[in-house]
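Lettering of chains follows the sequences in order, A, B, ..., and the numbering in each one begins at 1.
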Protein chains: 2
Amino acid sequence: MSRSNTDVSAEVEAEACPVQEVLDRVAGKWSILVMVAATRGPIRFTELERAIPSVSRRMLTLTLRNLERDGLMTRTVFPTVPPRVEYELTPMARELRTAFLTLTEWAEHHRGAIVDARHAYDERVTAS
Amino acid sequence: MSRSNTDVSAEVEAEACPVQEVLDRVAGKWSILVMVAATRGPIRFTELERAIPSVSRRMLTLTLRNLERDGLMTRTVFPTVPPRVEYELTPMARELRTAFLTLTEWAEHHRGAIVDARHAYDERVTAS
DNA sequence: CAGAATCCGACTGGATACTG
DNA sequence: CAGTATCCAGTCGGATTCTG
């Protein structure tokens, strides 16, 4: 890590790195929806599909694989017929819920301001 | 919004929506880095480039435009020569910092566990 | 200095059809 | 039921060049 002469420079990426990591695995449009859907307990693949109508089968699968890979969800296969697979949040993932709450509150609190800012900006630009 | 018969279904997307909004404008690889870089006060375009060496000029511009549009940063042009532009976080954006902190702590606390989980998963798969 | 414009490859993500 | 496989459109994002 080459530390620049201005003490601000190098620190930024290092400091933000963990945040970046979290968001990388959470940023996906679906990760959060899936995790929220699973907060009440184990949930099956099809139940997830119904709970999140907008997700495609493919994306749901990919999202679940990533969450599983990162240790945020467990995948349990019941060798019955028809097959039955349940997904469940790990304790680690449950802790994340708290962090989401902070974000949610921020979002709800400022949602209007963001929409307004956006409109204002768009008008300024359109008026060019 | 068509509310499904199972009460779980529709709620998930509705409940997660604000979170989704936050992440949509924060998820970009650069938004957070830019905002972190600006926490100490107004910062110039070139300073941002130096603070985040990995970002391309194009992406930095786009990121700044989006942040500005959403009312998260302000852009001030000083009509000097050479031109000078300063970016600054809005109060709203500064509040976000708190939320990031929660995430950061979670990330730092579980970083090891995530890496481990990932390795374990990868080995399981490679062993197929 | 602070961008805008253009080109283009890489990746994302949806729709659909097929399988154990 | 719970996926996998394939195709394909749209978007992201880097490199480069040009401008007030």
Side-chain angles (χ1 to χ4, degrees), chain A residues 6 8-9 13 20 23-34 37-38 42-70 73-88 121-122 124-126 128, chain B residues 6 8-9 13 16 20 23-34 37-38 42-70 73-88 121 124-126 128:
Chain A
T6 80
V8 207
S9 303
E13 296 209 79
Q20 195 58 53
L23 288 162
D24 276 356
R25 79 202 66 276
V26 145
K29 277 210 299 216
W30 312 114
S31 309
I32 304 176
L33 295 181
V34 169
I43 189 169
R44 301 181 57 177
F45 189 87
T46 323
E47 290 175 330
L48 283 170
E49 272 191 311
R50 273 199 302 272
I52 313 169
S54 48
V55 73
S56 69
R57 199 177 247 99
R58 177 176 133 85
M59 276 304 106
L60 181 55
T61 304
L62 285 180
T63 302
L64 286 168
R65 287 294 166 276
N66 283 327
L67 290 175
E68 189 192 355
R69 187 169 111 99
D70 289 340
M73 295 196 91
T74 59
R75 177 172 178 273
T76 316
V77 182
F78 296 88
T80 62
V81 41
R84 169 207 186 97
V85 181
E86 280 188 355
Y87 293 91
E88 189 173 12
Y121 182 91
D122 289 349
R124 248 181 292 151
V125 175
T126 318
S128 67
Chain B
T6 79
V8 207
S9 303
E13 296 209 79
Q20 197 57 55
L23 289 162
D24 276 355
R25 77 201 69 274
V26 144
K29 277 211 299 217
W30 312 114
S31 310
I32 305 176
L33 294 181
V34 168
I43 187 168
R44 301 183 56 179
F45 189 88
T46 324
E47 289 175 330
L48 283 170
E49 272 192 311
R50 274 199 302 273
I52 313 168
S54 49
V55 73
S56 70
R57 198 176 250 102
R58 177 175 134 84
M59 277 303 104
L60 181 55
T61 304
L62 286 180
T63 302
L64 287 168
R65 288 294 165 278
N66 282 326
L67 290 175
E68 189 192 354
R69 187 168 110 99
D70 289 339
M73 295 196 90
T74 59
R75 176 172 179 272
T76 315
V77 183
F78 296 89
T80 62
V81 41
R84 168 207 186 97
V85 181
E86 280 188 355
Y87 293 91
E88 188 173 12
Y121 182 91
R124 249 181 292 150
V125 175
T126 318
S128 65

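- Remark: A/R84 pairs with A/E86 by the side-chain hydrogen bond (donor to acceptor under 3.5 Å, both in side chains) rule, at least two apart or across chains.
- DNA chain C lies under 4.0 Å from at least one heavy atom of each of the following residues of residues 59-67 of chain B: B/T61, B/R65.
- With rounding to whole Å, B/W30 atom CH2 is found 5 Å from D/dG14 atom P.
- The side chain to side chain contact (heavy atoms under 4.5 Å, CB included) check on B/S31 picks up B/T63, B/L67, with sequence neighbours excluded.
- Summarising the geometry, the separation between CD on B/E49 and P on D/dG14 is reported as 13 Å, rounded to the nearest angstrom.
- Qualifying side-chain hydrogen bond (donor to acceptor under 3.5 Å, both in side chains) partners for B/E49, counting only residues two or more places apart in sequence or in other chains: none.
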Expected rows: protein N/O vs nucleotides 15-20 of chain C N/O, under 3.5 Å:
none

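- Qualifying side-chain hydrogen bond (donor to acceptor under 3.5 Å, both in side chains) partners for B/R75, counting only residues two or more places apart in sequence or in other chains: B/Y87.
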>> Would A/T61 and A/F45 count as a side chain to side chain contact (heavy atoms under 4.5 Å, CB included) here? Give the steps.
In response: CA-CA 9 Å; A/T61 304; A/F45 189 87; 3.7 Å; yes

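- In terms of the side-chain hydrogen bond (donor to acceptor under 3.5 Å, both in side chains) criterion, A/E88 has no residue partners (sequence neighbours excluded).
- The nearest whole Å value for the distance from the CZ atom in B/R44 to the P atom in C/dG3 is 10 Å.
- Here C/dA4 presents its P atom at 10 Å from CD of B/E68, a figure rounded to the nearest Å.
- If you check every strand for non-hydrogen atoms under 4.0 Å, A/Y87 touches sugar and phosphate atoms only.
- The two residues B/M73 and B/A38 come nearest to each other via the heavy atoms CE-CB, 3.5 Å.
- Across A/L60 and A/V34, no two heavy atoms sit closer than the pair CD1-CG2, 3.8 Å.
- Nucleotide C/dG13 holds its C1' atom 8 Å from the NZ atom of A/K29, rounded to whole Å.
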